[in-house]
There are 2 protein chains.
Amino acid sequence: MSDHEQQPLPPTSRLSGDALPPVEQHARQYETVRNAHETELIEDYVELIGDLLRHRGEARAADIASRMAVSQATVSKMIRRLNELGLVTSRPYRSLFLTEAGQNMAETSRARHDVVLHFLRALGVRDTTARIDAEGMEHHVSDETLAIMQRFTETHQT
Amino acid sequence: MSDHEQQPLPPTSRLSGDALPPVEQHARQYETVRNAHETELIEDYVELIGDLLRHRGEARAADIASRMAVSQATVSKMIRRLNELGLVTSRPYRSLFLTEAGQNMAETSRARHDVVLHFLRALGVRDTTARIDAEGMEHHVSDETLAIMQRFTETHQT
DNA sequence: CAAATAGTTTAGCCTCGGCTAACAAATATT
DNA sequence: AATATTTGTTAGCCGAGGCTAAACTATTTG
């Protein structure tokens with residue numbers, strides 16, 4: 001092996017950014033994100049089912065598939081999971097329905113989603129962009145931040 | 001089967017929320033989120049490696065494991081992937097380094113992260129919460145929104 | 001310098017969330 | 001009513017991202 005190895009730099013000039021958080025706190029941040037990821041998809045499905053029921057009166061697997069840009073097989077499998085989790089009831093070739101628990105989840109998600117979306121719009125983000133960003137952000141916004149966003153939106157009516 | 005089946009409601013009273021977006025747009029929203037998810041973890045690793053290098057002078061697998069609250073085996077596997085993607089160089093039992101591409105990614109991620117974090121603080125979110133939220137949000141904020149966040153932060157200095 | 005400890009890798013397992021292909025059931029069309 | 005179309009399910013595949021256990025390498029310490 002060569003002696004001219006690439007060497008780590010000294011703890012070095014901080015040109016940007018904050019200090020590293022203490023290990024445990026840092027770890028908790030990542031854990032929080034990982035946990036969010038686990039529930040995220042479930043919530044998206046439930047929320048969408050709720051929206052379809054509300055706006056269309058029914059929620060069919062095919063609609064979910066096309067709106068999520070996912071195969072029907074994937075939706076079918078997912079519905080089985082939602083069923084096992086006690087979030088939806090389903091009978092083949094019939095519309096899906098949300099259980100009580102499902103309805104709660106849908107409402108909560110919808111509410112978070114709306115707060116984030118309206119906040120982004122109040123901030124001045126274009127509608128299309130706001131929708132995309134809101135879809136991704138909604139699962140990662142804490143209650144604290146959500147409350148602040150809501151207040152902001154209210155005091156910055158267009 | 002019973003005749004008293006649970007029936008879909010009529011297109012119904014909208015108590016809250018916006019109308020459903022057209023199918024194709026809706027689909028693009030979900031696709032965007034799914035794509036973000038694919039790169040998210042990669043970016044988190046690269047960003048963390050960059051931070052460790054900058055603040056500590058070296059980035060060891062063990063540090064990454066404890067800061068991400070993940071097993072060393074998981075980190076080891078991930079490093080192989082990062083290697084294949086041409087983002088890091090590694091030699092067994094030595095510090096990791098970022099390739100040119102890796103450095104670019106790390107800088108970009110770091111920058112996004114900082115913008116979001118400072119924005120949240122400027123909004124009035126407590127530091128600990130802001131850090132957690134920023135970690136989750138950073139991958140889902142479009143350039144457009146990012147620019148707006150930056151302007152907001154600048155004009156709302158504490 | 002030998003032994004203990006710390007760091008890293010590999011093997012093998014698991015779950016999730018995608019996919020396609022094949023089939024089955026319901027609905028629509030002719 | 002027969003056929004075509006749409007809708008839904010099942011089986012089986014894949015990659016990602018976790019895990020534990022076991023083996024191996026490096027470093028530290030007695």
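Here is the naming used below: chain letters follow the sequence lines, and residue numbers restart at 1 for every chain.
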Nearest-Å distance, [atom1] ([X]) to [atom2] ([N])?
{"X": "Glu40(B)", "N": "dG17(D)", "atom1": "CD", "atom2": "C1'", "result": "13 Å"}
{"X": "Ile42(A)", "N": "dG18(C)", "atom1": "CD1", "atom2": "P", "result": "10 Å"}
{"X": "Ile64(A)", "N": "dT9(D)", "atom1": "CD1", "atom2": "P", "result": "10 Å"}
{"X": "Asn35(B)", "N": "dA16(D)", "atom1": "CG", "atom2": "P", "result": "14 Å"}
{"X": "Met68(A)", "N": "dG17(C)", "atom1": "CE", "atom2": "P", "result": "11 Å"}
{"X": "Tyr45(A)", "N": "dG17(C)", "atom1": "OH", "atom2": "P", "result": "9 Å"}
{"X": "Glu58(B)", "N": "dG7(C)", "atom1": "CD", "atom2": "C1'", "result": "12 Å"}
{"X": "Glu31(A)", "N": "dG18(D)", "atom1": "CD", "atom2": "P", "result": "11 Å"}

Do [X] and [Y] share a hydrophobic cluster (ILVMFWY, side-chain heavy atoms under 4.5 Å, transitive)?
{"X": "Met137(B)", "Y": "Val125(A)", "result": "yes"}
{"X": "Leu41(A)", "Y": "Leu52(A)", "result": "yes"}
{"X": "Phe97(B)", "Y": "Leu85(B)", "result": "yes"}

Q: Produce a footprint string for nucleotides 9-16 of chain C: one letter per nucleotide, 5' end first; B if the base is under 4.0 Å from any protein heavy atom, S if only the sugar-phosphate is, - if neither.
A: BB-----S

Q | Tyr45(B) versus Thr74(B), closest heavy-atom pair with distance | A |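 Shortest heavy-atom contact: OH-CG2, 4.0 Å.
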
(Q) Taking any heavy-atom pair under 4.0 Å as a contact, classify Val70(A): base, sugar-phosphate, or nothing. (A)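 It contacts sugar-phosphate atoms only.
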
Q) In a check of side-chain hydrogen bond (donor to acceptor under 3.5 Å, both in side chains) between Asp51(A) and each of Arg110(A), His113(A), Arg67(A), which one passes? A)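 Testing Asp51(A) for a side-chain hydrogen bond (donor to acceptor under 3.5 Å, both in side chains) against Arg110(A), His113(A), Arg67(A) leaves exactly one candidate, Arg110(A).
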
(Q) Reading DNA chain D from 5' onward, which residue's closest nucleotide shows up sooner: Arg60(B) or Met78(B)? (A) Met78(B)

(Q) Checking contacts here: which listed nucleotide (dT27(D), dG7(C), dG8(D)) is nearest the side-chain heavy atoms of Ala62(B)? (A) dG7(C)

Q) Can you list every salt bridge (charged side-chain N to carboxylate O under 4.0 Å, His left out) pair that touches residues 142-154 of chain A, not counting sequence neighbours? A) Arg112(A)-Asp143(A), Glu144(A)-Arg126(B)

Q. Does OP1 or OP2 of dC19(D) have a side-chain N or O of Ser71(B) closer than 4.0 Å?
A.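 Yes.
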
Q: Report the relative orientation of the aromatic rings in His140(A) and His140(B); use parallel for angles under 30°, tilted for 30 to 60°, perpendicular for over 60°.
A: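 Correct class here is parallel.
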
